[in-house]
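Heads up: the structure comes next, in structure tokens.
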Amino acid sequence: MSEIKITLPDGSVKAVANGTTGYEIARSISEGLARNALSIEVNGEIRDLSRPISADASIRIFTWNDKGGKYAFWHSSAHLLAEALEALYPGVKFGIGPPIENGFYYDVDLNGQPFGEEDLVKVEQKMLELAKTNSAFVRKDVSKADAIRFFTEKGDPYKIELLQDLADGTITFYQQGNFTDLCRGPHIPTTSPIKAVKLLNVAGAYWRGNEKNKMLTRIYGITFPKQKELEEYLLLLEEAKKRDHRKLGKELELFAFSEKVGMGLPLWLPKGTVLRERLEQFMRRAQVKAGYDPVVTPHIGGKSLYVTSGHYEKYGKDSFQPIHTPDEGEEFLLKPMNCPHHCEIYKVKPRSYKDLPIRLAEFGTVYRYEQSGELHGLTRVRGFTQDDAHIFCRPDQVKEEFIKVIDLVLHVFTSLGFDQYTAQVSLRDPENKQKYIGEDALWDRAEREIQEAADERGLKTVAVKGEAAFYGPKLDFMVRDALGRSWQLGTIQVDYQLPQRFELEYIGSDNQKHRPVMIHRAPFGSLERFVAVLIEHCAGNFPLWLSPEQVAVLPISEKFNTYAQEVLNVLKESDIRGFLDDRDEKIGRKIRDAEVTKVPFMLIVGEKEVAERKVAVRLHGKGDQGSVSLDEFARQYAREFALPV
RNA sequence: GCCAGCGUAGCUCAGGGGUAGAGCAACGGUUUCGUAAACCGUAGGCCAAGGGUUCAAAUCCCUUCGCUGGCUCCA
């Protein structure tokens, strides 16, 4: 029997018999690894451990700690879900059942049977019962004809439809227990590592994601090798629920919605407005430093502005409809973007190459008619404010400008406590270059320069082909919040289209007309979405400089109200935001109310404090800090009260 | 926009054909208090809106609006 060479992740090479399986290799390394191994990567392809390896390969064995291991684990769990469903609901038809970032789902057609919470519990129990049987996931090559015959007999029309698109010779089945599914794998060796199961929710999903097709029932679930891990995950979900910005926004009186105003149109309450304006102030200051010129443009624009920009053609009918005036035929649109207005500002006068880059910044409120089902708290709304800016520059300035914007974005993230972030470089689809506007050479250059700019700033990036906008490549920032969830925030986009459509030009050193490149950028993205993410990230405990109410002054009884008012006045003179709780309540009650509304500082004043001209400082969540003079208090926390630099 | 579930007091929620309920908040009193909820009382509702079934509807049915979870879309 011939031998093959297996390269391990550490670079060492093992010679094994041709046809050795991943499991055997794992066992040859250690029993522990063999016990925990879930799948194997062979030359970059994730496979079953039980598949023989028949050529030289570099491999990597995946356990629960690897994405590839979880992927196989959850994929197998989806099959287990299907097996349980088939046992409990005979005649159920199956769509697809893939693993996802957190768990897996299976789309099923229950023939119109209702499926509720109790059913989920029933199915969970069946899954656990089946998992205990320790059935192996068995892979089997089948011919297309046999596969179609199998599902025809079984009566699974969706699987037959999937089979139509597959080439004969590439089709595999996986079987565990009494359940056989069309599947390319990979799977874990047996069902027994699946020790903890939770079916999370049920939702409708169109067959193959097309709204013209039948709606199937999608069952979401998650599984773990240990009960404890499931419990931790459920705790995390609970914590996420507690931090939900819609809940905290209501409790902390930051924003509200009104049916009369309209869905998806947030109302910023006084406290939310403080928060928002502090963020704006912070950004304004950073932008002035970075050489931006603030501008202001109206909330509406003539229809022809958007005809020129191309937005009317692309989004006109799916958007807020034109506003009419008493003048016949006159139409205005609510602005869905700020860039057309900024292009017109650029065109106010002729520009020289020496003027560039020109950076126009505006907190511009835009209106987009999102589909009703898509609205969600502050993260998906129909009216929102972008911390928008457009940089008009020469092609040779793109990279430098990109670097500057990256610096600004990172400054924002770190100032707000988002220290884990990644970026996605969105490039053209090389197979489909005609989909994009702009010269090939410019694209090549911009794509290269974006990547270089990101690299120079040490950004962790993932390049994704085919994700660019049709008008230019972009760099999107993703932050990881305190619960480990990823959010897409800021974006930087190169645009060749608008300068062309608006016929923007500048006079070069050669005395010829040239077309500037435009860079759209928004570090926050939208204030609304950013505030939502921030609320959930810090659970409503904002950094002091952002906190709507920084200090609560709490007199112990009404006898000390006068001194308390004095204290508050002094604070206000130093631009510290605070309020006086002079209600006829006991101090314990006042403290509790301040604690639950997450006020960072409580200054308690009673007989002692009045006598010594001091305040007793209590920190939110940390308790009594002892007494200090007001001056000392202000001095001690001055830096935290102020905007970060 | 599509599918499913949900809409009861300012908030959190009970009640599921026969007089509309609780806690917190609000308001009025009493109390003047030292680090997470004082006590007593009062008021508060077209049970999302509209239509139907019924002797009788918050409750059952239909429509509309809104919210939630997904799907689709996202300049």
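Reminder, nothing fancy here: chain letters follow the sequence lines and each chain counts from 1.
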Protein heavy-atom contacts under 4.0 Å, written 5' to 3' over nucleotides 1-6 of chain B as B (base), S (sugar-phosphate only) or - (none), form the string BBS---
Between atom [atom1] in [X] and atom [atom2] in [N], what is the gap in whole Å?
X	N	atom1	atom2	answer
A:E558	B:rU30	CD	P	11 Å
A:R246	B:rC67	CZ	C1'	9 Å
A:L375	B:rU72	CG	P	17 Å
A:D388	B:rA75	CG	P	14 Å
A:F560	B:rC33	CZ	P	7 Å
A:Q625	B:rA36	CD	P	13 Å
A:E253	B:rA25	CD	P	14 Å

Quick one: do the [X] and [Y] side chains pair a donor with an acceptor below 3.5 Å?
X	Y	value
A:Y471	A:Q493	yes
A:N338	A:D388	yes
A:E549	A:T597	no
A:E536	A:H245	yes

*Taking the side chain of A:H376 as its heavy atoms from C-beta onward, which of B:rA75, B:rG69, B:rG66 lies nearest to it?*
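Among the listed nucleotides, the one closest to the side chain of A:H376 is B:rG69.
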**Prompt:** Can you say whether the rings of A:F633 and A:F601 are parallel (under 30°), tilted (30 to 60°) or perpendicular (over 60°)?
**Reply:**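 A:F633 vs A:F601 ring planes: perpendicular.
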Shortest non-hydrogen contact from A:V517 toward A:V398: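 Of all heavy-atom pairs spanning A:V517 and A:V398, the closest is CG1-CG2, 4.0 Å.
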Please work out if [X] contacts a base, only the sugar-phosphate, or nothing of the nucleic acid, heavy-atom cut-off 4.0 Å.
X	result
A:I587	sugar-phosphate
A:R618	base
A:K608	base
A:Y220	sugar-phosphate
A:A616	base

Requested in this report: Return no unless some side-chain N or O of A:K586 is found under 4.0 Å from OP1 or OP2 of B:rU32.
Outcome: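 No, outside the criterion.
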inquiry  = Using the side chain to side chain contact (heavy atoms under 4.5 Å, CB included) criterion, which residues pair with A:F363? Sequence neighbours excluded.
reply    =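 So A:F363 forms a side chain to side chain contact (heavy atoms under 4.5 Å, CB included) with A:E280, A:M283, A:R284, A:T385, A:D387, A:L527.
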